[in-house]
Structures are given as C-alpha cells and as structure tokens.
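Down below is the structure, laid out as structure tokens.
The sequence lines fix the lettering, A, B, ..., with proteins before strands; numbering per chain opens at 1.
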There are 2 protein chains.
Amino acid sequence: MGRGRVTLKRIENKINRQVTFSKRRSGLLKKAHEISVLCDADVALIVFSTKGKLCEYSTDSAMERILERYERYSYTEKQLNTTHHETQGSWSLEYAKLKSRIELLQKTQRNLMGEELDSLSLKELQNLEQQLDTALKHIRLRKNQLMLESISQLQKKDKEMQDQNNSLSKQIKEMEKEIPIHHQKHEIKPSFQLDILDNRNICEEARMDCEVEKNPRQNQIATVMPPWMVQHMNK
Amino acid sequence: MGRGRVTLKRIENKINRQVTFSKRRSGLLKKAHEISVLCDADVALIVFSTKGKLCEYSTDSAMERILERYERYSYTEKQLNTTHHETQGSWSLEYAKLKSRIELLQKTQRNLMGEELDSLSLKELQNLEQQLDTALKHIRLRKNQLMLESISQLQKKDKEMQDQNNSLSKQIKEMEKEIPIHHQKHEIKPSFQLDILDNRNICEEARMDCEVEKNPRQNQIATVMPPWMVQHMNK
DNA sequence: ATATCTATCTATAACGA
DNA sequence: TTCGTTATAGATAGATA
C-alpha cells in the first residue's frame with residue numbers, strides 16, 4: 001500500500017508506528033463492519049494499542065453477546081474453572097463481572113421470551129426472530145424423535161403381547177381338546193387389534209411433521225399429547 | 001474493490017454472500033495480523049458466519065488473555081457503580097450463589113435457543129415449544145409495529161416535502177410571470193414522485209412480512225456505517 | 001467450496017502543513 | 001496528533017475452472 005512494499009515487521013520508528021496504527025485501525029474497523037453487513041456475520045473486534053488504549057467494534061454493538069457466544073462455542077466448561085484461581089485478586093471486580101453478566105443474561109432471556117422488546121432495534125428484532133425460529137425447529141425435531149421412539153416401543157410391546165396372547169389361546173384350545181367338557185367356547189378376540197391401527201396413524205403424522213419442515217408455520221399441529229404417552233414418557 | 005463500487009448492504013444472493021464472506025474473512029484476518037505485528041497492538045477478532053461457523057484471530061494466539069484484558073478494561077468503569085456498597089459479608093458465599101445462578105440462566109438460555117434438548121422430557125419440550133411460539137408472536141408484533149411506524153413517518157415526511165415542493169414551484173412560476181425574461185423554463189419535476197413509489201413498495205413488503213412470515217432474513221436493511229464509528233471508537 | 005485471473009476499486013506509506 | 005494529497009501496493013467482485 002502506498003509507496004513501497006510492506007514488510008511484516010514491527011515498525012521501529014515510534015511516530016510512524018503510531019500514525020500507521022491510527023490509519024490501519026480505522027481501515028480494520030471499516031472492514032469488520034463491512035463484512036458484518038455485507039455477509040450478515042457476527043463480528044467482534046478488540047484492539048489495544050501499544051500504549052494500552054482500547055478500540056472496539058462489534059456487530060450491532062453487541063460485544064457482550066458475541067463474546068458470550070464465543071465462549072459458549074469454543075470452551076463451555078473452561079470458564080467455570082478459570083475464575084476461582086484469581087483468589088487473591090480483587091473480589092469486587094469478579095463480583096461486578098458476574099453481576100453484570102447476570103443482568104445481561106436476564107435481559108437476553110427476557111427477550112428470548114418475547115418480553116421487553118421496546119429497547120430493540122428492527123434489526124435486533126429480526127435476529128431474534130430468526131434465532132427463535134431455528135430454536136423451534138430443533139425443539140420440534142427433538143420432540144418428534146421422542147414421540148417416534150415411544151411409538152416404536154409401544155408397537156414392540158404390542159407385538160410381544162399379541163404373541164403371548166396367541167400362544168395362550170393356543171394353549172387353551174389344547175386344554176379344551178384334552179378335557180372335552182361342554183364349556184362355552186371363549187371368543188378370543190383381543191382388543192389390541194385396535195391399538196395397532198391407532199399407533200400406525202399417529203406414527204405417520206409424526207413422520208410428516210418431522211420431515212417436511214417446509215413451512216414451519218404450517219406444521220404447528222398443536223400437538224395434543226395422547227394420554228397413553230404421558231404415562232410412559234417421563235423417563 | 002473489483003468490478004463495481006461496494007454498496008454497504010447485505011448481499012442477498014446466498015452464493016455470492018458466502019463467497020464474499022470467505023474472501024473478506026481472509027482479508028480481515030490478514031489485516032488484523034498486520035496491524036498486530038506492524039504496530040505492536042493486541043488484537044482479538046471473532047467472526048461468526050451466517051451459518052454460525054466460528055473463525056478467530058488473536059495476537060500471539062492469546063485470545064483468552066486479550067478477552068480478559070478487555071473485560072478488565074471495560075468493567076473497571078462499571079465497578080465504581082456496583083460494588084462499593086457491599087464491602088463486608090462473605091464474598092465467597094455471594095460469589096458461589098451468583099455463579100450457580102449464572103449456570104442456571106445459561107442452561108435455560110441454551111434450551112431457549114434450541115440447544116441441549118436431550119435432557120428434557122416430552123412434556124418439558126412441549127412447554128418450551130409453546131413458550132417460544134408465544135415469544136415469536138410477540139416479537140413479530142413488535143417488529144411490525146416498528147416497521148409500520150417508520151413507514152408512516154416516511155409517508156408524512158413525503159407529504160411535507162411534496163407540499164413544500166409545490167409551493168416552491170408555484171413561487172417560481174410567479175417569479176417567471178413577473179420577470180418575463182426569455183429564460184428557459186425550468187422543468188419542475190421533483191424527485192419526490194419517485195420517493196412516494198419507494199415508500200409504497202416498502203410498505204407492501206412490510207405487510208407481507210407481517211402476515212405471511214416468509215423469510216425473515218430477506219428483509220435486512222442497509223446499514224451505513226456512521227462516521228463516528230470509524231474513527232475514535234473508544235473515546 | 002477453493003483457486004486463479006483480471007479489471008477496478010481501496011487502503012495507505014510517505015510527505016507536507 | 002491530525003488533515004490532505006498522491007503514487008502505489010493491495011484487496012476483491014465477477015467470471016471461470
């Protein structure tokens with residue numbers, strides 16, 4: 001850039017270094033903002049100058065949110081162990097950190113629950129909407145997975161019972177033959193027949209809800225919880 | 001860069017956006033590294049793509065150190081307002097309390113974002129689903145309210161300008177009558193005509209988004225970087 | 001997605017005020 | 001330190017493989 005090729009090496013001249021820093025810093029911030037807008041990315045940029053001056057940029061000015069996202073993404077567990085080792089340090093600082101963190105979490109959570117939306121910009125609202133849409137999709141997938149599992153369990157159980165019933169009724173027939181007393185014949189037409197049909201229907205519905213995924217709004221299928229499921233599902 | 005000037009607006013074409021993201025991301029990382037080396041600065045850069053992929057750079061690969069430095073720097077100010085009044089008492093107890101509270105909040109939040117669903121029962125999932133459905137409804141209401149407000153503001157402004165333009169052109173006509181010099185007639189065809197059309201389009205889009213809920217990501221709004229952001233970000 | 005190429009558009013080093 | 005200017009080095013959009 002400019003006169004002469006750039007060498008990737010610390011600029012020794014203090015003045016030049018400061019000037020270059022100032023210029024490149026604005027360039028960097030601009031680029032960060034551009035990629036954020038053009039490509040719809042979440043960007044957090046923190047720059048400390050040699051002299052310790054801080055300069056930052058973050059998408060939607062949501063530095064804390066992005067840093068939290070980062071922490072969650074890269075090492076969820078680590079942070080739980082990192083704070084206590086600074087025991088001799090200023091507790092008050094740690095305390096303040098935690099407290100403001102809680103505040104942030106609470107605010108975020110309220111927003112996630114559709115509350116206190118007045119302070120949000122249009123863009124933030126759209127991000128939130130997208131976030132929740134995705135979340136709902138995941139939740140519905142998981143829900144359907146659970147339902148399908150329970151259905152196949154029930155079907156398996158059904159089959160076992162049917163077999164058992166068959167063998168039992170066979171056994172009874174044998175007994176009737178061997179002891180030909182004039183008893184009435186027991187009509188063995190168990191009710192499980194009906195259950196099987198029910199399960200098949202439910203199963204198909206669940207599959208549709210699970211796989212189609214086209215328009216999430218359309219599949220709202222206010223899933224009514226079948227009574228039979230309540231019993232078995234809760235672990 | 002390249003053919004045609006860059007417009008600071010979300011790239012709508014998904015492919016182009018992804019490609020541009022990829023290219024600019026490496027450019028941004030390079031710039032971050034350069035300023036870090038050339039100017040001896042501490043830099044931390046975090047980028048999440050639209051699809052949630054993480055990409056990071058940090059001076060000396062010391063992301064944690066820099067983020068802590070950042071937190072220390074930015075919390076120092078808050079500390080003054082939050083801590084001094086609780087000087088005695090067992091810090092460790094308070095601290096533990098806060099920490100467990102944070103963990104709870106984080107778990108809840110992850111669930112709200114559709115993550116870590118495996119530990120939830122079917123019933124809990126259904127509650128969550130309903131919660132998010134309601135939240136989404138509120139958010140969409142608020143979003144549309146905002147959009148409609150901005151639309152009516154724009155329309156009002158339009159009308160004002162139209163009136164103003166009308167009176168101005170009337171004034172000009174008067175002047176031309178009174179001073180009948182052989183000037184060319186100024187074609188008064190103000191541009192507000194176009195503005196009106198634009199607003200109507202926006203309005204319709206908003207209504208569609210409002211009722212049909214198509215693809216929320218499509219309606220991103222071009223955000224121009226305010227000048228104050230480029231320079232002097234931090235004081 | 002990744003790489004290369006090219007025409008253009010940007011960023012910026014050096015310098016001066 | 002901070003502009004403004006200018007000559008160049010760099011970055012990158014679009015096309016293509």
Side-chain angles (χ1 to χ4, degrees), chain A residues 1-59 73-74 134, chain B residues 1-59 73 217-218 220-235:
Chain A
M1 318 123 176
R3 333 287 179 82
R5 185 178 237 84
V6 167
T7 319
L8 203 51
K9 181 179 178 308
R10 194 180 112 116
I11 297 171
E12 291 306 336
N13 181 299
K14 206 173 151 188
I15 305 298
N16 281 347
R17 191 187 334 138
Q18 173 53 37
V19 172
T20 295
F21 176 75
S22 193
K23 288 179 175 178
R24 279 179 175 265
R25 185 190 54 192
S26 23
L28 189 60
L29 290 174
K30 188 179 171 192
K31 291 276 183 199
H33 180 62
E34 284 178 354
I35 198 176
S36 170
V37 173
L38 290 174
C39 308
D40 195 30
D42 245 7
V43 179
L45 173 62
I46 294 169
V47 182
F48 285 102
S49 74
T50 309
K51 295 184 304 183
K53 204 177 129 193
L54 168 66
C55 179
E56 61 182 292
Y57 168 80
S58 56
T59 303
Y73 193 105
S74 63
T134 311
Chain B
M1 316 118 178
R3 333 287 177 83
R5 186 177 239 84
V6 169
T7 320
L8 202 52
K9 178 180 178 315
R10 194 180 108 116
I11 297 170
E12 291 304 335
N13 181 299
K14 205 173 152 189
I15 304 298
N16 283 346
R17 180 164 12 113
Q18 173 54 37
V19 173
T20 294
F21 176 75
S22 199
K23 289 179 174 180
R24 278 178 175 264
R25 186 189 52 194
S26 43
L28 188 60
L29 291 175
K30 187 179 171 194
K31 291 275 184 196
H33 180 59
E34 284 179 355
I35 197 176
S36 170
V37 173
L38 290 173
C39 310
D40 195 29
D42 246 8
V43 179
L45 173 62
I46 293 169
V47 182
F48 285 100
S49 74
T50 308
K51 293 185 305 184
K53 207 178 124 195
L54 168 66
C55 179
E56 61 182 292
Y57 169 81
S58 56
T59 303
Y73 194 106
R217 291 316 253 178
Q218 303 256 326
Q220 296 281 339
I221 289 177
T223 317
V224 179
M225 175 148 66
W228 53 263
M229 189 171 275
V230 182
Q231 311 260 345
H232 306 292
M233 287 292 307
N234 219 289
K235 216 185 331 169

When you match B:Asn16 and A:Gln18 each to their closest nucleotide on DNA chain D, which lands nearer the 5' end?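 First, find each residue's nearest nucleotide; the 5'-ward one identifies A:Gln18.
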For B:Ser22 and for B:Leu38, locate the closest nucleotide of DNA chain C by heavy-atom distance; then report the residue assigned to the nucleotide nearer the 5' terminus.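 The answer here is B:Ser22.
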When the nearest nucleotide of DNA chain C is assigned to A:Leu28 and to B:Val19 on a heavy-atom basis, which residue is associated with the more 5' position?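 This one resolves to B:Val19.
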Please report the distance, rounded to the nearest Å, between [atom1] in [X] and [atom2] in [N].
| X | N | atom1 | atom2 | answer |
| --- | --- | --- | --- | --- |
| B:Phe21 | D:dA13 | CZ | C1' | 17 Å |
| B:Arg25 | D:dA13 | CZ | C1' | 17 Å |
| A:Glu34 | D:dG10 | CD | P | 19 Å |
| A:Leu8 | C:dT12 | CG | C1' | 15 Å |
| A:Lys53 | D:dT1 | NZ | C1' | 10 Å |
| A:Ile35 | D:dA11 | CD1 | C1' | 13 Å |
| A:Ile15 | D:dT2 | CD1 | C1' | 12 Å |

Would you mind classifying the nucleic acid contact of B:Lys14 as base, sugar-phosphate or nothing, using non-hydrogen atoms under 4.0 angstrom? nothing
Do [X] and [Y] touch side chain to side chain, with heavy atoms closer than 4.5 Å?
| X | Y | answer |
| --- | --- | --- |
| B:Gln18 | B:Thr50 | no |
| B:Thr59 | B:His33 | no |
| B:Arg17 | A:Leu38 | no |

In the structure shown, which nucleotide is the Watson-Crick or G-U wobble counterpart of C:dC5, with both distances under 3.5 Å?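 Paired with D:dG14.
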Heavy atoms from other residues, nucleotides or ligands near CD1 of B:Ile15 exceed 12 (cutoff 6.0 Å):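 For B:Ile15, atom CD1 is not crowded (no more than 12 foreign heavy atoms under 6.0 Å).
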C:dA11 phosphate, OP1 or OP2: any side-chain N/O from A:Lys30 under 4.0 angstrom? yes
Are A:Lys23 and C:dA14 close enough that a side-chain N or O sits under 4.0 Å from OP1 or OP2?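 No, because none of the side-chain N or O atoms of A:Lys23 sits under 4.0 Å from OP1 or OP2 of C:dA14.
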Nucleotide of C:dA13, D:dA13, C:dA11 approaching A:Arg24 most closely (side-chain heavy atoms): C:dA13
Under 3.5 Å, side-chain donor or acceptor atoms of residues 40-49 of chain B against the rest of the protein: list the pairs with distances, not counting sequence neighbours.
| residue | atom | partner | partner atom | Å |
| --- | --- | --- | --- | --- |
| B:Asp40 | OD2 | A:Arg10 | NH1 | 3.0 |
| B:Asp42 | OD1 | B:Arg65 | NH2 | 3.2 |
| B:Asp42 | OD2 | B:Arg65 | NH1 | 2.8 |
| B:Asp42 | OD2 | B:Arg65 | NH2 | 3.3 |
| B:Asp42 | OD2 | B:Arg69 | NH1 | 3.0 |
| B:Ser49 | OG | B:Lys51 | N | 3.3 |
| B:Ser49 | OG | B:Gly52 | N | 3.4 |
| B:Ser49 | OG | B:Lys53 | N | 3.1 |

